Amino acid sequence: MYAVAWFGVLGPLEVTAAGRPVPVPGRSQRELLGVLLLRANALVPVDLLVEALWPDRAPPSARRQIQNGVGRLRRTLTGGGVPAETLETRPGSYLLRVSREELDLLSFHWHAEEGRRLARAGRGAEAAARLRAALALWRGPPLADLDGRLVVAGARRLQEDRLAVLEECLTLDLRLGRHHEVVGELAALVEEHPLRESPRALLMTALHRAGRTAEALAEYHRARAAFVADLGLEPGPELRELERSILTGTLDPPPEPPVATPQARRRPRQLPPDIADFTGRRELAGWLEELLAGAGGSTAVVIAAIAGQAGVGKTALAVHVAHRLSGGFPDGQLYVDLGGGGQARPAEPAEVLARFLRALGAHGAQIPQALQERAEEYRSAMAGRRLLVVLDNAVDEAQVRPLVPGTPGCAVLVTSRSRLAGLPGARLVELGVLDGPQAVELLARIVSGDRVAPEPEAAHELARLCGHLPLALRIAGARLVTRPDWPLAELAGRLTDERRRLDELSYGDLEVRAGLAVSLGRLSARARRLFGLLGHLYAPEFAAWVCAALLDTTAAGADELIDELMDAQLLQPSGAGRGRYRLHDLVRLFARETGAQDPGPGLARALGGWLALAGQAHIAVSGGDYAVLHGGAPRWTTGLPGLPEDPLAWYDSERLNLVMAVHQAAAAGLDELCWDLVSSTYTLFLTRGHNDDWEETLKAALACTRRAGNARGTATMLMGLGFLGAYRHDYAEAAVVLEESVRTFRELGERQGLVYALGVAAHVDGMIGRYDEAVAFHEEALRAHRASGDLGAEVLLLRSLGQLLVEIGRPEQARPHLERALVTGRGGDRRVHAEVLYWLGQLHLGAGEVDRAESDFKEMLAIAEELADPREEAEARYGLGLVRLDTGALGAASGLFRQAMELNRPLGEPLTDGRIRTALALAHHRRGEFRQAIGYLTEAIKIFGAIDTPLWQARAYRALGDVHAARGDRSAADAARARARDLFTRVGSPEAMGE
């Protein structure tokens, strides 16, 4: 499938064959090869080659000399191992035939076009990574060691192509909010090309968005001075308009590429819908608008905090003001309900920060684990931008503080039942009930003025009985809307008759409760039963099938009751999609108080429905029910809808509900259901990178199973925590929980669980240097898998054991395991097959079987590109780079390593990043570039230390010692080698020092 030759023109001319350098002697041969490579896969006429060698006046024998020169070039190439068919002779011309894997120029163009395709598809982060991979191929000025006119002209065109790709990449980076990261790169580009307007415009934009407006304007004046001095011209219209926009504060944010999923949004628009019948509060709303609109001119973040009792209209006011201000905050609006209004569990600041960071474009490993680190990342993401943050229903100041941005330009609007006096710099507002005329006006907006105007006294009486409280007024208005034949006096009389204590309706929960009770009294018995059960549900918003599950009825029966609750304004559309509903916080509390005495059976059915759907989504995402243990809890499927075509889209809509379902099952003591729900959802959490949710549910379920004495569930949750720890590279903690998991499964005689736990434990032991234990665990798990006939799991274990044996220097022991995995896994999971190829490649490379290693890595690369999997592609290119490094093709190796690094960057995989940096350091060392080598190794050592991988840390220290020795620093070399020796000894590695 692949030839063995590789040609490099994006730097000095370089040729390798079978991974080994092929020297091309003589100016004429090198010039001929340069022209042929610049026109690869196209016919190159002899006359053009004549012009390349003799641009001014060709001798009479020029065509014969070209023929002789091409003959010598062919002998040079084939003698070095390049296939003879690579260079073909055609009538009057020549053809050099190569694939994109064999010529860095073709690879550059392919990566660039792929990046542009991804950008057009709205996949900005992936597009930027692909463009960076294209740029990583460059080793310096193209064909810098050749000086022929045609080659120089071609090289100049290539430099322009590179600049175009770099500018596209930097433009994407700015759209992705990376202005802080690219300022330095843009400044260097402007320094290199002072008369090029596009980089200058990008630099000005980046500086302005980073809060460095004065520097952005100074950059314009430097550009103008250079243009006038060198060209006698003013800057072009783009730069002039940019300067004007910065001066007037009207610079629009760069257009966002379209996004494929909510997680990829860069300019979030999270506000709930505005209140169509918003009434009153005009003076207060105007004051808030003026205060928050001035955030751009403030030297600190502007914070307004609205306090007031439940149901007084805090959220309505905040959302209304936020909508009116949205145009003044062009970078977006963030919104979250913090749960202080009575949800099952107030939102943790760390959870909210993760949601906000995802809305701002972060994902997966880019979101730190610790609260403080998340707050720092959030403040960095908000710096230089104008966003409005609405924090609804805050519990206290401690919940709010981490959510406040750190730089001016942003504004925060908070609502809470408490006065947040301890919030530094906040302007506090106490929100009271509506006055009489405003309350009547609100009622008229809800019901219609035609009905209210004829009964002014009844309207005022009804408003008085509702305590002028907006929530109570809305409930009364809803009843009137659903009873168009009633006069207002009828409802006022009913409220008085049914609740003799309505004269106490003023500010407290009793008023709201009384008003809700009137609406509740109009419901049918089944609707009342459903309402009560919904009050016990933890889920903040839910689909219609949940109502069917609570009552064990059909979808049609549930829809009828939902309509009844909607008519009574006791149930609201959630705004999260058609067919999804929510209870207002106060209504939820009231429903809980008046609900059924025994909600357990209904709740168990609803939780069983989530369990059934989660199980279906897991199978759809994984391609089967692999490596998962299940409990014996019943699944409710009677009225359950089918899973949508996109299981991850379903998961995105239900993620919070799945977390809440685990907590509810734990609170209800439904231990089997609780742990099974976690077991069935872990692949969904893992796929989306929601590791915090995964950890939270694992710990909740673990506590539940321990309380219930459920040993099987406990062991399964411990295994899950071990798996999560390994995924996060927290191997020490993972080893502790896995030890208990394995022991418990052994005691229970649970073979399947033991096999899964052994597999995870084996991987963890290998990563922390407990090699003998890791090998023993692998072998025990393999015996059990073979006995069960689980071929998929067997391939995974064979790959894992082979990886471990290769890593610890036992390649001949690894060989039969990896070869069996290769044969057994053909036709199975393509990603697992690619991983097997990777470790076979590493084995073959270590054994000196370079050609076989190259074949393995190239087959892996083909699979990775077919699957569009950047993680596997990065590993494959890293492996090919090691092949090139082993054979001395340092330029090709460095290009492959840099490509792998750029592909890995958005993934945030630290072990891969550290290994690539170590390899890059080796390439620089062999070139004599000691400073760069030391820099890469220092970074790698920090990465390996942070994730506690002592074997790789030892290898990096050993390489560092070699670099120091080569540059003559004996003391530093001895210290690094001693540190490496200690680490190798600690993990019992057989690797010899100095090799």
Side-chain angles (χ1 to χ4, degrees), residues 121-126 256-273 332-337 339 343 345 347-348 350-367 537-546 573-582 606-607 609-623 640-664 677-698 868 906-907:
R123 295 157 64 180
E126 296 174 66
E256 276 294 312
V259 292
T261 64
Q263 288 78 7
R265 287 179 298 178
R266 302 291 171 179
R267 295 167 61 192
R269 309 291 189 193
Q270 297 185 337
L271 296 177
Q333 302 87 43
L334 296 170
Y335 173 89
V336 66
D337 186 341
Q343 283 181 224
R345 182 176 64 92
E348 293 292 334
E351 296 175 8
V352 177
L353 286 169
R355 288 171 56 185
F356 280 179
L357 286 169
R358 278 192 287 271
L360 292 168
H363 57 85
Q366 294 176 332
I367 300 176
L537 197 67
Y538 282 9
E541 51 92 14
F542 45 85
W545 70 260
V546 175
S574 71
R578 185 176 179 183
R580 299 187 72 84
Y581 307 95
R582 64 182 291 271
L607 297 173
W610 271 304
L611 175 60
L613 288 170
Q616 293 175 29
H618 156 72
I619 291 172
V621 170
S622 303
L640 205 62
L643 195 69
E645 184 177 339
D646 184 353
L648 289 175
W650 172 84
Y651 162 75
D652 290 336
S653 67
E654 293 289 341
R655 179 177 65 88
L656 186 56
N657 286 343
L658 291 170
V659 175
M660 291 293 99
V662 171
H663 283 288
Q664 183 136 38
L677 189 55
V678 178
S679 192
S680 299
T681 52
Y682 89 92
T683 52
L684 306 176
F685 291 138
L686 182 60
T687 301
R688 279 292 193 243
H690 294 153
N691 297 333
D692 290 345
D693 293 333
W694 186 13
E695 180 180 26
E696 179 183 336
T697 55
L698 279 166
L907 306 175

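Fair warning: this is a prediction, and the values are worked out from it, not measured in the lab.
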Residues L607, Y538; criterion side-chain contact (heavy atoms from CB on, under 4.5 Å); working and verdict: CA-CA 10 Å; L607 297 173; Y538 282 9; over 6 Å; no
Criterion side-chain contact (heavy atoms from CB on, under 4.5 Å) on E348 and E696, from CA distance to verdict: CA-CA 11 Å; E348 293 292 334; E696 179 183 336; over 6 Å; no
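A distance-only check finds a donor-acceptor pair linking the side chain of T697 to the backbone of W694 [under 3.5 Å]. Panel note: side chain N657, backbone E541; a donor-acceptor pair is recorded below 3.5 Å.
Taking each heavy atom of V546 and A606 in turn, the nearest pair found is CG1-CB, 4.2 Å. Contact record, L640 with G609: CD2-O, 3.9 Å, taken as the closest heavy-atom pair. For P641 against L613, the heavy-atom pair with the smallest separation is O-CD2, 3.7 Å. Here the shortest heavy-atom pairing between Q270 and A359 reads NE2-CB, 3.3 Å.
In this structure, the side chains of T683 and Y651 stay at 4.5 Å or more apart for every pair of heavy atoms. The side-chain heavy atoms of W650 and L684, taken from C-beta on, include a pair separated by under 4.5 Å. Contact check for P540 versus D337: no side-chain heavy atoms found under the 4.5 Å cut-off. In this structure the side chain of E654 reaches within 4.5 angstrom of the side chain of R580, judged on heavy atoms.
Using cut-offs of 30° and 60° for the angle between ring planes, the W545 and W610 rings count as perpendicular. Y682 and H618 have tilted rings, their planes meeting at an angle from 30° to 60° on a 0 to 90° scale.
P647 pairs by the side chain to side chain contact (heavy atoms under 4.5 Å, CB included) definition with A617, A620, V621, L643, not counting sequence neighbours. The ring-ring contact (aromatic ring centres under 6.0 Å, His included) check on F356 picks up Y378, with sequence neighbours excluded.
Atom CD1 of residue I367 and atom CG of residue L353 lie 10.0 Å apart, to the nearest 0.5 angstrom. Note: L334 CG to L360 CG = 5.5 Å, rounded to the nearest 0.5 Å. The CG atom of L537 sits 13.5 Å away from the CZ atom of R582 when rounded to the nearest 0.5 Å. Once rounded to the nearest 0.5 Å, the distance linking CZ of R655 with OG1 of T681 reads 12.0 Å.
Heavy atoms of other residues, nucleotides or ligands lying less than 6.0 angstrom from CZ of R355 number 12 at most.
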